[in-house]
2 protein chains.
Amino acid sequence: MGGRPARPRRRADGAASRARLLEAAGKLFASQGYAAVSTRALATAARVNLSAIGYHFGGKQGLYREVLRSLIADTEPLLGPAVEHLVAGVAAAAGDRARLADTAAWFVRHLLTSFLADGRMRWQMALMLREFHQPSEAFPMLLDERIHPLHDAVAGLVAAATGRAPAAPETRLLTAAVIGQCMAFGIARTVIWARLGWDRYTPERVEQIVQTVTPAVLAMLGLPRAAGEAPGAAKPQRGARGTRGARGAA
Amino acid sequence: MGGRPARPRRRADGAASRARLLEAAGKLFASQGYAAVSTRALATAARVNLSAIGYHFGGKQGLYREVLRSLIADTEPLLGPAVEHLVAGVAAAAGDRARLADTAAWFVRHLLTSFLADGRMRWQMALMLREFHQPSEAFPMLLDERIHPLHDAVAGLVAAATGRAPAAPETRLLTAAVIGQCMAFGIARTVIWARLGWDRYTPERVEQIVQTVTPAVLAMLGLPRAAGEAPGAAKPQRGARGTRGARGAA
DNA sequence: CTAATTAGGTCGAACGTTTGACCTATTCAA
DNA sequence: TTGAATAGGTCAAACGTTCGACCTAATTAG
């Protein structure tokens, strides 16, 4: 039985196997954890021979390290510019609390839609979470290249809004609260879904979350309701609402 | 020299082995995940023979299920009365926003100190988190007996504060945001510690978090600053702060 | 009172399977 | 031909589970 005729994909270039392995490993490690995923499951999911893991990455551990490394690289185009835009927005607001609110609202929306999207970011978030809880040798890298820049940028916003120093403990805690609030909807999605009767996130549902979280974050920071948010059908509110006090610039 | 004198621990009662197994398994499963913990590691940590797992729980899976079951029972005395107290407090406030704020502040403090304590609750939180992310067959039980009561109670507070219906999607999302914010400091503790230069939570540090999160939550809910919080040294604030609007009873 | 039996629990030693790492032969592109 | 990549297989170690022997405390029969 000569096996060779009509072979559409044979001798795939190694780069493709490598990439498939990285992608499949990311999903599997994120959803089941490092120890729960066998090299055979990895190879099967990536439609790659078992040896490819050893060949390309030196072993299971090397594959995991490389998954984390490429996670950082992958999220750069999504988070890097947003962080820069946030820093620039805070600087440009220059004490104008309405503009600060707009910048904050924009960033919250960006963060939430990134965190709750159904693409790569989904398992990347999960994988980061696992690193938070049981840090591997790659955790410091993740901290330096992803966490610190993000937190520093948001801390700048918080500092501008509260008038405290960016490095003050209160600023950093409030920063963590803001980011944590956005992440919570990604982390505890099964609970959120159960509470809301959802089975997954859709763009409309994410928008609902944005419309809920944005005013909350603005209130936490003592900022006025942003102009771009709540375009009408959002939250007319009954009589009881605070956080609307007339307070000009700082 | 008959064999029997001075035998400090012999014929250990099975209940003790069972309990030690449950305790050790809870910690190990929480910190490393189900698949990453071997039955041998379990038996060693519990200072119990390997066969005890099969004898008492039918196997590794049965042990895990029982760990989760006893988690629910263990957290009952801590969370059950708090939930009742919250519900009662919301009802007693009867539209008095200052009293509502006091109740909310009390509950936030209770939730945070519970979540961030260093005892059992630490690994219990972690284990719950793991269930959120990859629900096992025991997830519905956890949902019904721990999550729903807690969320329903907080939703009552949120509804009273915002004037929306307790079952409204916006209410439930805001509820998730409030609870998620408290949990975030437990989930991402490694990140928080790295940001603040901490190596662990102390009562003073938890108090700092309480003093940060409480005003944030009150602001999210549009409630006035609670009387019992910020007893003086908390946060004098510079000029820029909102959420202090004079608003009497509803 | 004594001796045999039962019940509850522990123990060490295996069971068969699966794991990650490794190895060699083979295949294809250049 | 050469070298990167794949296929298939072997290996020791570790996995969860099961088993029979064993121990002790309580119960029962005589």
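Note that these values count all heavy atoms, side chains included, but never hydrogens, waters or copies made by symmetry. Residue numbers start from 1 in every chain, and the chains themselves are labelled A, B, ... in the order their sequence lines are given, proteins ahead of strands.
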[X] side chain: which of [options] is closest?
X: Ser38(B); options: dG16(D), dT19(C), dA4(D); answer: dG16(D)
X: Lys60(B); options: dT19(C), dG16(D), dT6(D); answer: dG16(D)
X: Tyr55(A); options: dA4(D), dA14(C), dT10(C); answer: dA4(D)
X: Asn49(B); options: dC15(D), dA21(C), dC11(C); answer: dC11(C)

Does one side chain, of Glu204(A) or Gln208(A), offer a donor that lies under 3.5 Å from an acceptor on the other?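 No, no side-chain donor-acceptor contact under 3.5 Å.
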Answer yes if the side chains of His148(B) and Arg195(A) hold a donor-acceptor pair under 3.5 Å, and no otherwise.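 A donor-acceptor contact under 3.5 Å links the two side chains.
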Base, sugar-phosphate or nothing for Gly59(B)? Non-hydrogen atoms, less than 4.0 Å. sugar-phosphate
Atom-pair distance ([atom1] on [X]; [atom2] on [N]), nearest Å:
X: Leu28(A); N: dT19(C); atom1: CG; atom2: C1'; value: 16 Å
X: Leu50(B); N: dC15(C); atom1: CG; atom2: P; value: 16 Å
X: Arg47(B); N: dC11(C); atom1: CZ; atom2: P; value: 11 Å
X: Tyr64(B); N: dC15(D); atom1: OH; atom2: C1'; value: 19 Å
X: Phe57(A); N: dG20(C); atom1: CZ; atom2: P; value: 15 Å
X: Arg20(A); N: dT6(D); atom1: CZ; atom2: C1'; value: 12 Å
X: Ile53(A); N: dG20(C); atom1: CD1; atom2: C1'; value: 9 Å
X: Arg40(B); N: dA14(C); atom1: CZ; atom2: C1'; value: 10 Å

For residues Tyr55(B) and Arg18(B), determine if any side-chain heavy atom of one lies less than 4.5 Å from a side-chain heavy atom of the other. no
Answer yes or no: is there an ion pair linking Arg200(A) with Asp118(A), defined by an N-O contact shorter than 4.0 Å?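 The answer is no: the pair does not qualify as a salt bridge.
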Between the base of dC19(D) and the side chain of Ser51(B), is there a donor and acceptor pair under 3.5 angstrom?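 Side chain to base: pair present.
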Has His56(A) got a side-chain N or O lying under 4.0 Å from the OP1 or OP2 atom of dT6(D)?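 Answer yes for this pair, as a side-chain N or O of His56(A) is under 4.0 Å from OP1 or OP2.
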Taking for each residue the nucleotide of DNA chain D bearing the nearest heavy atom, is the 5' side occupied by Ala52(A) or by Gln61(B)? Ala52(A)
Does Tyr34(A) have Lys60(A) sitting over its ring (NZ/CZ under 6.0 Å from centre, angle to axis within 45°)? yes
